[in-house]
Amino acid sequence: MPHLHAIFPLPSNSKPFQHSNILSSSSSSFSSSGPIRRRLPRTFYPSKHPNLKRLTSRIVQLTRRRQLHQILEEIENAKREYGKLNTIVMNAVMEACVHCGDVDLALNIFHQMTEPHSCGVDTVTYATLLRGLGRARRIDDAFQLLESVEKGTAAGKPKLSTQLIYGLLDALIEAGDLRRANGLLARFGFLLREGGSSSILTYNLLMKGCINTGCPQAAINLHEEIQLLGLEPDRLTYNTLIFACVKAENLEAAMRFFKEMNDKAQRLCCSDLYPDVITYTTLLMGFGHAKDLHSVQKIVLEMKSCHDLFIDRTAFTAMVDAMLNCGSIKGALCIFGEILKQAGANVDLRPKPHLYLSMMRAFADWGDYNMVKNLHERLWLDSAGTISLAAQQEADHLLMESALNNGQIDAAVENLTKIINRWKCISWTSRGGMVALRIEVLLGFNKSMLSPYLLPQVLPGNPIERIMLPLETVRPLPGSLELKKVVMRLYREPVVPIIDDWGICIGLLHREDCCEMNAPLSAMMRSPPPCVTTTTSIGHVVDLVLKKKYKMVIVVKHSNLNGTTHGSRAVGVFTAEQLHNVVAPVPEGLKQKHTVRRSLTMF
């Protein structure tokens, strides 16, 4: 989402409404007695504050659709109609900015709210802004804001509360930055302690952070610490532990936590501890990946036998996915038919495009061209939500694959021709790209429908460490350095890696982003940088460079990765310039001998 910078004018407390009477003005033109007096327009002020609940609900709806520009337009219209808006509405606008990833606009709105004669700020405003700064990796700004609240110098004089700490902590954990999350707990953790120890909510967040950083076993180990402190796990705790067990592929431990959760809920007669739809969905995902059809069927039966459990669209989708992973096409079809039947009475159960694509993948493997074609048509008519371009492209690819697997070569070529005319490009490492290459092999170079490029010097399956440039050769720059000291470097090179004080690559500085000579490089870099491990295949990295238009990709050691690239020390880079040096067009002797209307670019 590009950054949108909007300046909201400070409106007056109310807007005057001009009142004119066309009859009185016309009658005065016919009157000849008495002097003509100039009448000033009367001003009407609203007798009570306008009801802005509908506007707030509208902002929430547009936020879910990520229509930030539309929100700004409607806010301007509301200011012209109502005058000054209240803090609740402006907090909703700030939440929209954070949700859409535009923290600069959120800061702009925050400063306007703190100005005199404006609506003012409250604790919700600060919590939203802190969450946005955390997601944008602007941790220093977030800590400065927290320190101003602690010292009492922040606008609006908010009190330092757990709501502020939890907002930033959750954002850091979502980003997988456990180092800074622990730093936040060390600095402000005294607010989160209940009776001398951390609350269960803090441990829930820490377990979530361990899972996000690729260390699910560390999350499971925290359960022992929770028991030693005498804290009572809630439903979220058990759901997080079960999810960690699924990630760690320890389904026995997951079932132990599930049984413990059930037994405790029955013993304490606590309805808030019984497994919910998230619990069952997580177990379905685990047993589906393990291809344990018997356990999947048992969980589905238990879900349907729970009268107090509402099976929503996400749960039905998890059932179908688990059945498909276990190879039970008939079971998946039965549940899919049940979804369509119930969706007739409840539109919220209408399947999303993801479910149609899952079914199409299964039938494409079988070569059932008619079923895939039928699902392809119903995808547009019966699915709920937006069908993304990626989903549309995959649906077309699956239609082509099912035709090829069914032996209908002409139908497969026809679908490939439609893909050429519509999409213009296709990833050669994707599933659809593999199908296109199979068709290319059947047709031969003489009848080629593609315009391929070759990698004669390398093998796409080899690891990227064989051709990467060592990090020292590209001379990374420290983020604290000012642009004016290295400006000539950016004239010579289009992109430069940026490192922090610990030598960790924290971003990439592009030449077009250099806009302020006195600013540090870290303020203008793009963070986090695109990263891959040393064992990643050359083909995958080439795919990233061409598809995402990356000018540089950072290579880190596989042993340092731990499930995430953040905080890993870089060992090398791969640039777009390197790619241009290793690719070559198809030799003239192998090129097609007949003219094709359009060519499909393979990347």
Side-chain angles (χ1 to χ4, degrees), residues 1-19 41 43-138 141-142 144-146 148-149 154-158 161 163-164 167-168 170-171 174 385-386 388 515:
M1 174 69 67
H3 293 291
L4 303 174
H5 296 278
I7 303 298
F8 294 92
L10 288 175
S12 58
N13 291 334
S14 59
K15 180 179 177 180
F17 296 92
Q18 294 185 354
H19 176 74
T43 302
F44 291 91
Y45 294 91
S47 58
K48 60 179 181 179
H49 294 290
N51 187 356
L52 299 176
K53 290 183 179 180
R54 182 175 297 178
L55 176 61
T56 307
S57 300
R58 172 67 173 165
I59 294 173
V60 172
Q61 292 176 357
L62 294 175
T63 301
R64 293 170 182 168
R65 304 173 191 167
R66 296 184 177 273
Q67 296 180 356
L68 186 56
H69 183 71
Q70 181 66 26
I71 292 175
L72 299 181
E73 287 185 0
E74 298 200 10
I75 286 296
E76 286 298 319
N77 295 335
K79 285 185 175 182
R80 285 191 291 268
E81 182 177 354
Y82 301 123
K84 181 175 70 176
L85 303 179
N86 59 27
T87 307
I88 298 176
V89 175
M90 298 309 297
N91 282 344
V93 178
M94 280 196 62
E95 177 64 32
C97 298
V98 171
H99 184 72
C100 296
D102 196 343
V103 69
D104 291 325
L105 182 56
L107 283 169
N108 188 9
I109 295 174
F110 174 79
H111 291 311
Q112 293 169 27
M113 294 170 67
T114 58
E115 291 180 355
H117 308 294
S118 189
C119 62
V121 294
D122 56 11
T123 305
V124 177
T125 313
Y126 278 92
T128 305
L129 184 58
L130 284 170
R131 185 155 36 87
L133 291 172
R135 289 181 180 178
R137 321 290 298 171
R138 296 170 62 167
D141 294 338
Q144 289 177 5
L145 189 62
L146 273 179
S148 67
V149 173
K157 303 294 182 181
S161 62
Q163 184 180 5
L164 301 181
L168 179 57
D170 186 51
E174 280 286 350
T386 303
S388 64
C515 55

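All of these numbers come straight from a predicted model, not from anything done at the bench. Just so you know, residue 1 is the first one in the sequence shown, and it goes up from there.
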Atom [atom1] in [X], atom [atom2] in [Y]: separation rounded to 0.5 Å?
{"X": "Gln112", "Y": "Met90", "atom1": "CD", "atom2": "CE", "result": "6.5 Å"}
{"X": "Asp102", "Y": "Met94", "atom1": "CG", "atom2": "CE", "result": "11.0 Å"}
{"X": "Met113", "Y": "Cys119", "atom1": "CE", "atom2": "SG", "result": "4.0 Å"}
{"X": "Ser161", "Y": "Tyr126", "atom1": "OG", "atom2": "OH", "result": "11.5 Å"}
{"X": "Leu62", "Y": "Leu72", "atom1": "CG", "atom2": "CG", "result": "10.5 Å"}

Test of understanding: with side chain to side chain contact (heavy atoms under 4.5 Å, CB included), list the residues that count as partners of [X], not counting sequence neighbours.
{"X": "Asp122", "value": "Thr87, Asn91, Val124, Thr125"}
{"X": "Ala171", "value": "Arg131, Arg135"}
{"X": "Glu73", "value": "His69, Gln70"}
{"X": "Thr56", "value": "Ile88, Val89, Ala92"}

Considering only heavy atoms from C-beta outward, does the side chain of [X] approach that of [Y] to under 4.5 Å?
{"X": "Pro158", "Y": "Val121", "answer": "no"}
{"X": "Glu74", "Y": "Arg58", "answer": "yes"}
{"X": "Leu68", "Y": "Leu105", "answer": "yes"}
{"X": "Val60", "Y": "Glu95", "answer": "no"}

Looking at Arg138 and Asp104, is there a salt bridge between them, counting it only when a charged N and a carboxylate O are closer than 4.0 Å?
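Salt bridge present between Asp104 and Arg138.
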So which atom in [X] and which in [Y] form the shortest heavy-atom distance, rounded to 0.1 Å?
{"X": "Leu130", "Y": "Ala142", "result": "CD2-O, 3.5 Å"}
{"X": "Ala96", "Y": "Thr63", "result": "CB-OG1, 3.2 Å"}
{"X": "Ala136", "Y": "Val103", "result": "CB-CG1, 3.8 Å"}

Please report the C-alpha distance between Leu164 and Leu168 in whole Å, then the side-chain angles of each, then the deciding distance to 0.1 Å, and finally whether the side-chain contact (heavy atoms from CB on, under 4.5 Å) criterion is met.
CA-CA 7 Å; Leu164 301 181; Leu168 179 57; over 6 Å; no
Is there a donor-acceptor contact under 3.5 Å from the side chain of Ser57 to the main chain of Lys53?
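Here the side-chain-to-backbone pair exists.
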Determine, stepwise, if the pair Lys79 / Lys84 fulfils side-chain contact (heavy atoms from CB on, under 4.5 Å).
CA-CA 6 Å; Lys79 285 185 175 182; Lys84 181 175 70 176; over 6 Å; no
